[in-house]
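Being a predicted model, the structure only gives us computed values, none of them experimental. Throughout, numbering of the chain's residues begins at 1 and tracks the sequence.
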Amino acid sequence: MPGQKIETNHQDVVHDVTMDYFGKRLATASSDNTIKIIGVTSSGSQPLATLIGHQGPVWQVAWAHPKFGSLLASCSYDGKVIIWKEGNQNEWTQAHVFDDHKSSVNSIAWAPHELGLCLACGSSDGNISVFTVRSEDEWDRSRIDQAHPIGVTSVSWAPSTAPGALVGSSLLDPVQKLASGGCDNTVKVWKFDNWIWRLDCFPALKMHTDWVRDVAWAPNLGLPKSTIASASQDGKVIIWSAVKEGDQWEGKVLMDFGAPVWRVSWSLTGNILAVADGKNEVTLWKEAVDGEWQQVTTVEP
C-alpha cells in the first residue's frame with residue numbers, strides 16, 4: 001500500500017498517532033489539547049470526530065481491544081487520563097477521568113486483552129498507576145510508587161503468554177508484567193504478584209546515558225526469549241533480552257542514530273522493529289540468524 005499524506009487539521013504539534021484494531025481509523029494526539037479521529041481507506045482519509053476534554057497538550061492515545069467496545073484512552077500534560085467511549089457512530093463521550101497523578105501523564109498502554117480491561121499510566125510525578133475495570137463505572141487501582149523518581153516517560157506491557165508456552169496454553173495463568181522507562185536513564189521490569197507490583201529485574205537496566213524516551217516489549221509468539229527495545233535521548237536504541245524466565249537481561253546497542261530517538265514499535269509478529277528518530281527518519285530493523293540486527297528499509301516520509 002503506497003504511503004498517503006493525511007491532513008489532521010490539528011493547530012499544533014502532533015505527538016502520537018495510533019491505528020485501531022481493524023486498521024480503519026486513526027487517533028491523533030496534539031499540543032492543541034485535542035484528539036482527532038480520522039477514517040482511513042486506501043483511497044484517502046476523512047475527519048470523523050474531535051475529542052475535547054484535556055486542558056494541556058495530549059501526549060498519547062491508545063485504542064482498547066474491540067472486545068471491550070469502542071474505547072480510546074488519552075493522557076496529557078494536565079495530569080489527567082481520559083477514557084473515551086463511542087456511543088453512536090463517531091459520537092464520543094468521556095466515560096471516565098482519572099486524575100490521580102499530580103503532574104504530566106506521559107505514557108499509557110492497555111494490557112493484553114486476556115488480562116481484562118486494564119490501563120497502565122506513567123507520569124512525571126515518578127509513579128505508575130494501573131487501572132483495571134471492575135464494573136462499568138468502577139475501576140480498581142494499583143500503583144508503583146516512585147518507579148522512576150524523577151519521572152516516568154514510557155510504559156509497555158509484556159505479552160500475556162508466558163515465554164516458551166504454546167500460544168493459548170497458559171491463559172489460565174496469564175503473565176502480568178510491565179516495562180518502564182524514565183528520566184533516570186533506566187529501563188525497569190515489573191511483575192504483578194500477590195496483588196503488588198515488584199521489581200522483576202535486578203539491578204535496573206542501565207546502558208543509556210540520557211532519558212529513556214520509549215520502551216516496547218516485543219510479542220513473543222510462544223518463544224522462550226523475552227525482548228524489550230528502548231529508545232533514548234542519547235541517540236541509541238538498545239535491545240534487551242532474557243533467554244528464559246528468571247534470567248538476567250542482557251543489553252545490546254542496535255545503533256547510535258546520532259539524534260534523539262523518540263519511539264520504537266514492534267510488528268505484530270515481533271520480528272521487525274520500527275525506529276523513529278530526531279532526524280525525521282523512520283527505519284525498520286530485523287534480527288538476522290546470527291543475532292545481529294540489520295536495517296531492512298527506511299520508510300519514505
Side-chain angles (χ1 to χ4, degrees), residues 13 15-16 57 59-60 75 77 103-109 120-128 144-158 177-191 197-218 225-243 247-266 272-288 291-296 298-299:
V13 177
H15 297 288
D16 194 26
W59 302 132
Q60 276 191 8
C75 65
Y77 180 78
S103 54
S104 175
V105 181
N106 303 316
S107 180
I108 47 174
C121 316
S123 169
S124 290
D125 63 13
N127 304 326
I128 295 170
I144 307 172
D145 284 320
Q146 298 302 286
H148 298 267
I150 53 175
V152 182
T153 55
S154 53
V155 288
S156 177
W157 288 88
K177 283 189 180 184
L178 273 173
S180 62
C183 303
D184 57 3
N185 310 349
T186 69
V187 174
K188 294 181 180 178
V189 179
W190 308 90
K191 184 175 185 179
W197 287 96
R198 305 175 195 277
L199 194 61
D200 197 51
C201 61
F202 303 97
L205 309 184
K206 184 155 189 163
M207 280 176 64
H208 288 296
T209 57
D210 207 334
W211 288 18
V212 176
R213 287 288 183 186
D214 199 20
V215 289
W217 202 310
K225 187 167 79 167
S226 294
T227 305
I228 295 169
S230 61
S232 169
Q233 186 76 19
D234 67 11
K236 293 186 179 73
V237 169
I238 294 175
I239 308 293
W240 306 90
S241 56
V243 175
D247 278 9
Q248 290 279 8
W249 291 84
E250 300 289 334
K252 181 185 226 174
V253 176
L254 173 78
M255 185 172 152
D256 187 338
F257 289 82
V261 187
W262 303 116
R263 299 298 289 273
V264 279
S265 178
W266 293 98
I272 293 178
L273 179 71
V275 178
D277 66 43
K279 293 186 284 194
N280 291 338
E281 284 192 342
V282 176
T283 49
L284 303 183
W285 299 79
K286 191 170 187 176
E287 188 177 16
E292 293 301 311
W293 287 81
Q294 299 171 341
Q295 185 176 333
V296 183
T298 300
V299 179

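Between Ile128 and Val155, the closest side-chain pair of non-hydrogen atoms falls below 4.5 Å. At a threshold of 4.5 Å between non-hydrogen side-chain atoms, the residues Lys191 and Arg198 do not count as touching. Using a 4.5 Å heavy-atom cutoff, the side chains of Val275 and Leu254 are in contact. At least one side-chain heavy atom of Trp217 sits less than 4.5 Å from a side-chain heavy atom of Lys177. The side-chain heavy atoms of Pro149 and Asp184, taken from C-beta on, include a pair separated by under 4.5 Å. Using a 4.5 Å cut-off on side-chain heavy atoms (C-beta onward), Ser232 and Trp211 make no contact.
Side-chain N/O atoms of Trp190 and Ser180 include a donor and acceptor closer than 3.5 Å.
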- Task: Assess whether side chain to side chain contact (heavy atoms under 4.5 Å, CB included) is satisfied between Trp285 and Ile272, documenting all intermediate values.
- Result: CA-CA 6 Å; Trp285 299 79; Ile272 293 178; over 6 Å; no
- Can you list the steps and then say if His208 with Thr186 is a side chain to side chain donor-acceptor pair (under 3.5 Å)? CA-CA 7 Å; His208 288 296; Thr186 69; over 6 Å; no
- Task: Determine, stepwise, if the pair Ser123 / Ser103 fulfils side chain to side chain contact (heavy atoms under 4.5 Å, CB included).
- Result: CA-CA 7 Å; Ser123 169; Ser103 54; 3.8 Å; yes
- Derivation of the side chain to side chain contact (heavy atoms under 4.5 Å, CB included) call for Phe202 and Gln248: CA-CA 8 Å; Phe202 303 97; Gln248 290 279 8; 5.7 Å; no
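A salt bridge between Arg263 and Asp16 is present, with a side-chain N of the basic residue lying under 4.0 Å from a carboxylate O of the acidic one.
The main-chain N or O of Val212 is found under 3.5 Å from a side-chain atom of Thr153 such that the two form a donor-acceptor pair. Using a distance-only test at 3.5 Å, with no hydrogens or angles considered, no donor-acceptor pair links the side chain of Asp277 to the main chain of Phe257.
Shortest non-hydrogen contact noted between Val299 and Leu284 is CG2-CG, 4.1 Å. Closest approach of Ala147 and Lys188 over heavy atoms only: O-NZ, 2.7 Å. When all heavy atoms are compared, the tightest approach of Asp125 to Asn127 is OD1-N, 2.9 Å. When all heavy atoms of Ala120 and Leu178 are compared, the closest pair comes out as CB-CD2, 3.9 Å. In terms of heavy atoms, Asn106 sits closest to Ser104 at OD1-OG, 2.7 Å. Across all non-hydrogen atoms, the minimal contact from Cys121 to Ile108 is SG-CG2, 3.9 Å.
Glu287 is linked by a side chain to side chain contact (heavy atoms under 4.5 Å, CB included) to Lys225, Trp293, counting only residues two or more places apart in sequence or in another chain.
The environment of Tyr77 atom OH is sparse: at most 12 non-hydrogen atoms of other residues, nucleotides or ligands sit within 6.0 angstrom. Other residues, nucleotides and ligands contribute only 12 or fewer heavy atoms inside 6.0 Å of the NZ atom of Lys286.
Separation of atoms OG (Ser156) and CD1 (Ile228) is listed at 7.5 Å; rounding is to 0.5 Å. Atom OG of residue Ser226 and atom CG of residue Asp247 lie 9.5 Å apart, to the nearest 0.5 angstrom. Summarising the geometry, atom CG belonging to Leu273 is positioned 11.5 Å from atom CD belonging to Gln295; distances are rounded to the nearest 0.5 Å. Note: Arg213 CZ to Cys183 SG = 7.5 Å, rounded to the nearest 0.5 Å. Taking CG from Leu199 and CD1 from Ile144, the interatomic distance works out to 9.0 Å, rounded to the nearest 0.5 Å.
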Please output the side-chain donor-acceptor pairs of residues 236-243 that fall under 3.5 Å, not counting sequence neighbours, one pair per line with the distance.
residue : atom : partner : partner atom : Å
Trp240  : NE1  : Ser230  : OG           : 2.9

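Checked against the 6.0 Å centroid threshold, Trp59 and Trp262 do not count as a close aromatic pair.
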